[in-house]
Amino acid sequence: MDLQRPDSYQGGAGPDFNEHVLHKKLFVHLRKKESSSFVHLASVILTWCPGPISPPPSGSQQAPRMEHRAHEKTILVGDSGVGKTSLLVQFDQGKFIPGSFSATVGIGFTNKVVTVDGTRVKLQIWDTAGQERFRSVTHAYYRDAQALLLLYDITNKSSFDNIRAWLAEIHEYAQRGVVIMLLGNKADVSSERVIRSEDGETLAREYGVPFMETSAKTGMNVELAFLAIAKELKYRAGRQANEPSFQIRDYVESQKKRSSCCSFV
Ligand SMILES: Nc1nc2c(ncn2[C@@H]2O[C@H](COP(=O)(O)OP(=O)(O)OP(=O)(O)O)[C@@H](O)[C@H]2O)c(=O)[nH]1
């Protein structure tokens, strides 16, 4: 048995999460040893709340109820070092921590509430380890994912070449119709670019998925990527009678154009 405590986190606002309570998780992975390697058998997640970490601000109201209440499970996948954790930290906390690279161990998640078209959508964003040795653990989480953000690093050719293998794994383990978005990350490092933006576009078109380049460092397109996912999931969950149909690829293309011409809001 392998016990990991990858993270602690504060839950987002909502009926089943109190933002003033520290939620802790313990990941228990059952593995058996076969010859010289371990085979993954099952994973169990234990969640507990050790107690309040701060009193609610005086005069604060109860957290507003979600209009769209589902837990929308979104998973970040891609080779080790492409910037999955950095992208999530940029989206969640609006910051980039430069310097030493510490590879993710196993898998962990962050809750984030976003507002799209006046509706609050709760995203549960799972950050996975890109290293091969964690692959059997992360596969187990694909099945009930509603969306997958698949990253490569524009300065690393093999991370781009591996995208086809990642897509094959997604098609094998994830549910049919899962929302997939391809992201070419580290777009700020133009001097070391080895993958042209057109190559990302072509690959995405071949698989019929939306594409954009991002930078976890500058924040470029980070919010757009998650908001587009939230919009698509909200739309899928319950289209209102007078609501126009939503096409995530068209939306991403129009927003990318807007952001290049006049800064995205
Ligand atoms: N310049 C630049 N560096 C980045 C960017 N995103 C991530 N990095 C750096 O790339 C390295 C790897 O980033 P991580 O976010 O840890 O990569 P990861 O995909 O989560 O890696 P695993 O946890 O091993 O799967 C770190 O040193 C980051 O600071 C980016 O957009 N621009």
Side-chain angles (χ1 to χ4, degrees), residues 2 4-9 25 27 29 40 43 73-110 112 123-142 145 147-167 169-170 173-174 180-197 199-200 211-229 256 259-260 264:
D2 177 23
Q4 293 171 11
R5 195 187 136 248
D7 216 345
S8 62
Y9 72 98
K25 301 185 83 63
F27 287 59
H29 299 303
H40 176 74
S43 298
K73 186 172 167 186
T74 299
I75 307 189
L76 295 163
V77 291
D79 278 9
S80 180
V82 296
K84 298 178 294 297
T85 303
S86 304
L87 195 87
L88 180 54
V89 169
Q90 177 61 254
F91 178 57
D92 186 34
Q93 300 168 29
K95 64 184 185 194
F96 175 75
I97 303 157
S100 61
F101 163 44
S102 147
T104 304
V105 174
I107 183 164
F109 75 83
T110 299
K112 181 87 176 162
L123 294 177
Q124 188 176 83
I125 308 163
W126 290 74
D127 179 22
T128 64
Q131 288 178 3
E132 183 75 38
R133 65 196 173 107
F134 295 113
R135 215 50 66 77
S136 62
V137 174
T138 54
H139 283 162
Y141 293 83
Y142 283 21
L148 285 144
L149 287 172
L150 175 55
L151 279 77
Y152 66 88
D153 170 354
I154 64 139
T155 70
N156 178 334
K157 186 167 181 314
S158 68
S159 74
F160 180 73
D161 293 342
N162 287 337
I163 288 293
R164 286 178 193 279
W166 280 107
L167 284 163
E169 283 189 13
I170 290 169
Y173 293 100
I180 302 168
M181 184 180 287
L182 181 64
L183 301 178
N185 191 41
K186 306 197 187 179
D188 58 285
V189 201
S190 48
S191 57
E192 291 168 41
R193 175 189 285 275
V194 291
I195 305 298
R196 298 173 313 160
S197 183
D199 298 331
F211 166 76
M212 67 181 90
E213 290 196 339
T214 54
S215 167
K217 183 173 183 179
T218 67
M220 180 188 124
N221 283 340
V222 174
E223 197 174 45
L224 172 58
F226 286 98
L227 287 185
I229 292 287
K256 271 175 15 189
S259 62
S260 59
F264 174 72

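Each ligand, and each atom within it, is numbered from 1 in the order the structure gives. Residue numbers run from 1 in the order of the sequence given.
Of the protein's heavy atoms, G83 N, 3.2 Å lies nearest to atom 17 (O) of ligand 1. Atom 15 (O) of ligand 1 has S86 OG, 2.6 Å as its closest protein atom, hydrogens excluded (heavy atom only). If you check which protein heavy atom lies closest to atom 31 (O) of ligand 1, you get A216 N, 2.8 Å. When only non-hydrogen protein atoms are considered, atom 24 (O) of ligand 1 lies nearest to S80 OG, 2.6 Å. From the protein, the heavy atom lying nearest to atom 27 (O) of ligand 1 is G99 O, 3.3 Å. Among all protein heavy atoms, the one lying closest to atom 5 (C) of ligand 1 is K186 CG, 3.6 Å. For atom 26 (C) of ligand 1, the closest non-hydrogen atom on the protein side is F101 CB, 4.0 Å. The nearest heavy-atom contact from the protein to atom 29 (O) of ligand 1 is F96 CZ, 3.3 Å.
In the model, D153 has no side-chain atom that pairs as donor or acceptor with a side-chain atom of S159 under 3.5 Å.
Only the side chain of D188 comes within contact range of ligand 1, with a heavy atom under 4.0 Å; no backbone atom does. Of all the heavy atoms of A129, the ones lying under 4.0 Å from any atom of ligand 1 belong exclusively to the backbone. Heavy atoms of V189 found under 4.0 angstrom from ligand 1 belong exclusively to the side chain. Heavy atoms of N185 found under 4.0 angstrom from ligand 1 belong exclusively to the side chain.
With Q131, Q90, K217, K84 as candidates, the residue nearest to atom 19 (O) of ligand 1 on a non-hydrogen basis is K84.
A side-chain donor-acceptor contact under 3.5 Å links K112 to the backbone of D92. With K217 contributing its side chain and V189 its backbone, the two residues share no donor-acceptor pair below 3.5 Å. Looking only at distances, no side-chain donor or acceptor of R196 sits under 3.5 Å from a matching main-chain atom of I154. When atom types are taken as modelled, the side chain of T128 and the backbone of L76 share a donor-acceptor pair closer than 3.5 angstrom.
Put simply, the side chain of T218 does not reach to within 4.5 Å of the side chain of F96, judged on heavy atoms. Taking 4.5 Å as the limit, every side-chain heavy atom of D127 sits out of range of all side-chain heavy atoms of T110.
Among the atoms of G130, some N or O lies under 3.5 angstrom from an N or O of ligand 1.
The aromatic rings of Y173 and H139 sit parallel, their planes meeting at an angle under 30°, below the 60° perpendicular limit. Between F226 and F91, the ring planes are parallel. Angles under 30° get that label, and only those over 60° would be called perpendicular.
Within the structure, the closest approach of I97 to ligand 1 falls below 4.0 Å when heavy atoms are considered.
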